[in-house]
Amino acid sequence: MAEHNGSWRSNELGPAKQLRLPQGTLRYHDAGSGPPIVFVHGALVNANLWRKVVGELAPDFRCIALDLPFGAHAAPMPPQADLSPPAAADLIADAIENLDLNDVTLVGNDTGGAFCQLVVTRRPERIGRLVLTSCDAFDNFPPKVMQPLMPVLRLPGALTAMLAPFRLEAARRRALTAMRLVKRPVEPEVSDSFVLPALKSPAVRRDAGKLMAALDKRHTLEAAKRFEDFDRPALIAFSSEDKFFPRRHAHRLAELLPQARLEWIDDSYTFSPLDQPGRLAELIRDFAGRPAPA
């Protein structure tokens with residue numbers, strides 16, 4: 001384990017680095033060598049989501065885990081930064097361009113999967129393959145169980161109030177399992193890295209609030225209309241027991257993306273990179289075209 005600017009990251013992710021982009025400074029982690037895979041997390045988590053998957057894949061691939069300004073990040077954006085869904089997609093695409101990556105396998109989870117859909121339908125030039133694990137799509141952005149809460153979350157100070165219980169260590173330890181995002185508890189350092197940045201930094205809370213306030217199904221519905229233009233391989237790898245993202249959406253994604261195939265990840269909730277990292281890594285390795293190790 002290593003400490004970087006007060007935010008814990010696993011050694012499996014590789015060293016923390018920075019990109020200077022038009023929107024602001026973006027941190028990322030870089031491990032391994034070979035064909036590039038870029039990992040995109042969702043709201044209120046960070047690159048730690050992918051640490052075990054990266055550990056499995058780094059011997060064969062160059063794994064780039066972005067630390068996006070989605071509420072659990074160490075480097076806040078400037079106050080004027082746009083964090084609407086199209087702007088978040090541009091941030092991902094700009095990072096890929098700045099790193100001069102080509103034929104990228106783009107992997108998204110949760111809110112990050114929605115942003116990946118926007119990337120491949122708006123700026124697909126450097127993307128060779130798409131992997132969508134359980135994620136927002138179609139009219140489920142944000143997830144329907146959260147939609148009644150969105151007007152409240154958009155009120156000033158609402159996010160601060162929502163996070164307040166997690167000042168207690170016991171609440172942080174139970175958060176992911178209580179919300180049924182994972183089936184099994186994760187390491188305390190990881191749950192802390194997801195929650196503490198927003199608790200400690202008003203600028204991080206500001207970024208998270210801007211992101212949450214801008215979520216709107218019109219963006220994912222518009223992206224779905226253009227799926228047919230992304231005629232490149234896609235893997236839909238949804239969790240079979242997911243509580244937020246319906247199975248019918250996995251089937252629909254697989255039907256609308258021209259070169260898609262559907263795989264199910266058993267014994268997992270939304271965060272399959274935490275619940276079933278070996279299974280997810282196996283699927284990505286096979287999909288990205290490299291043979292599995294003997």
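- To the nearest 0.5 Å, atom CG of residue Leu99 and atom OH of residue Tyr28 are 5.0 Å apart.
- A search for side chain to side chain contact (heavy atoms under 4.5 Å, CB included) contacts involving Lys183 returns Glu241, Asp267, Tyr269, Asp275, not counting sequence neighbours.
- Taking all atoms of both residues into account, the shortest heavy-atom contact from Ile265 to Ala237 is CD1-O, 3.7 Å.
- In terms of heavy atoms, His73 sits closest to Leu68 at CB-O, 3.4 Å.
- Distance alone, capped at 3.5 Å, places no donor-acceptor pair between the Lys210 side chain and the Gln80 backbone.
- Between the Arg232 side chain and the Arg129 main chain, no donor and acceptor come within less than 3.5 Å of each other.
- Val119 places none of its side-chain heavy atoms less than 4.5 Å from the side chain of Val40.
- At a threshold of 4.5 Å between non-hydrogen side-chain atoms, the residues Glu125 and Asn102 do not count as touching.
- Residues Leu57 and Phe39 have side chains in contact (heavy-atom distance under 4.5 Å, counting atoms from C-beta outward).
- A perpendicular orientation is assigned to the rings of Phe271 and Phe194, their planes being inclined by more than 60° (bins at 30° and 60°).
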request  = Check step by step if side-chain contact (heavy atoms from CB on, under 4.5 Å) holds for Asp82 and Gln23.
outcome  = CA-CA 8 Å; Asp82 182 359; Gln23 302 92 327; over 6 Å; no
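- Side chain of Asp231 to main chain of Pro258: no donor-acceptor pair is present (N/O by atom type, distance under 3.5 Å, no hydrogens or angles).
- You'll find the side chain of Pro69 stays beyond 4.5 Å of the side chain of Leu211, heavy atoms only.
- Under 3.5 Å, the side chains of Thr25 and Arg20 contain a donor-acceptor pair of N or O atoms.
- A salt bridge between Arg126 and Asp100 is present, with a side-chain N of the basic residue lying under 4.0 Å from a carboxylate O of the acidic one.
- The minimum heavy-atom distance linking Pro142 with Gln147 is given by the pair O-NE2, 2.8 Å.
- By the 4.0 Å N-to-carboxylate-O rule, Glu189 lies too far from Arg51 to be salt-bridged with it.
- Checking side-chain atoms of Asp110 against main-chain N and O of Gly112 turns up no donor-acceptor pair under 3.5 Å.
- Nearest heavy-atom pair across Pro59 and Gly55 is CD-O, 3.8 Å.
- The hydrophobic clustering, which links ILVMFWY residues whose side-chain heavy atoms are closer than 4.5 Å, places Leu118 and Leu101 apart.
- Of the possible donor and acceptor atoms, one in the side chain of Thr133 sits under 3.5 Å from a partner among the backbone N and O of Gly108.
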task = Take Ile96 and Ile127 through the test side-chain contact (heavy atoms from CB on, under 4.5 Å) and record every step on the way to the result.
result = CA-CA 9 Å; Ile96 291 170; Ile127 311 302; 3.8 Å; yes
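- Taking CD of Gln276 as the reference point, atom OG of Ser239 lies at 8.5 Å (rounded to 0.5 Å).
- The existence of a salt bridge linking Arg279 and Glu282 is confirmed by a sub-4.0 Å separation between a basic side-chain nitrogen and an acidic carboxylate oxygen.
- With hydrogens and angles disregarded, a donor-acceptor distance shorter than 3.5 Å links the side chain of Gln117 to the backbone of Gly113.
- Residue Leu168 is not grouped with residue Leu176 when hydrophobic side chains (ILVMFWY) are merged at heavy-atom distances under 4.5 angstrom, including chains of intermediate members.
- Arg226 is linked by a side chain to side chain contact (heavy atoms under 4.5 Å, CB included) to Thr121, Arg122, Glu222, Asp229, counting only residues two or more places apart in sequence or in another chain.
- Between the side chain of Asp136 and the backbone N or O of Ala114 there is no donor-acceptor pair closer than 3.5 Å.
- Of the residues listed (Phe245, Trp264, Phe238, Phe138), the one engaging His251 in a ring-ring contact (aromatic ring centres under 6.0 Å, His included) is Trp264, and it is the only one.
- Note: the hydrophobic cluster containing Leu235 also contains Val104 (ILVMFWY, side chain heavy atoms under 4.5 Å, direct or indirect links).
- Under a 3.5 Å cut-off, the side chain of Arg285 and the backbone N or O of Glu56 do form a donor-acceptor pair.
- Hydrophobic clustering of Ile, Leu, Val, Met, Phe, Trp and Tyr side chains at less than 4.5 Å, counting indirect connections, keeps Val204 apart from Leu91.
- Atom CZ in Arg206 sits 9.5 Å away from atom CE in Met77 (nearest 0.5 Å).
- Side-chain contact between Asn98 and Leu26 is absent, with no heavy-atom pair separated by less than 4.5 Å.
- The shortest non-hydrogen separation linking Leu13 to Ala31 is O-CB, 3.6 Å.
- A donor-acceptor pair under 3.5 Å is formed between the side chain of Asp67 and the backbone N or O of Ala47.
- Interatomic distance, CG of Leu159 versus CG of Leu44, reported as 6.5 Å (0.5 Å rounding).
- For the atom pair SG (Cys135) and CG (Leu253), the distance works out to 6.0 Å, reported to the nearest 0.5 Å.
- In the hydrophobic cluster analysis, where Ile, Leu, Val, Met, Phe, Trp and Tyr join through side-chain heavy atoms closer than 4.5 angstrom, Ile92 is grouped together with Leu132.
- Applying side chain to side chain donor-acceptor pair (under 3.5 Å) to Asp139 and the options Lys144, Lys217, Arg218 leaves one that passes, Lys144.
- Scanning all heavy atoms of the two residues, the minimum distance from Pro124 to Phe230 falls at CB-CD1, 4.2 Å.
- Side-chain contact between Pro36 and Asp103 is absent, with no heavy-atom pair separated by less than 4.5 Å.
- Using a 4.0 Å cut-off between charged side-chain N and carboxylate O, Asp242 and Arg247 make no salt bridge.
- Evaluated for a salt bridge (Lys or Arg N to Asp or Glu O under 4.0 Å) with Asp192, the options Arg173, Lys200, Arg167 yield exactly one hit, Arg173.
- At a threshold of 4.5 Å between non-hydrogen side-chain atoms, the residues Ser134 and Phe244 do not count as touching.
- Within the 4.5 Å cutoff, the side chain of Phe141 has heavy atoms near those of the Thr111 side chain.
- Expressed to the nearest 0.5 Å, how far CG of Leu283 lies from CD1 of Ile236 amounts to 12.0 Å.
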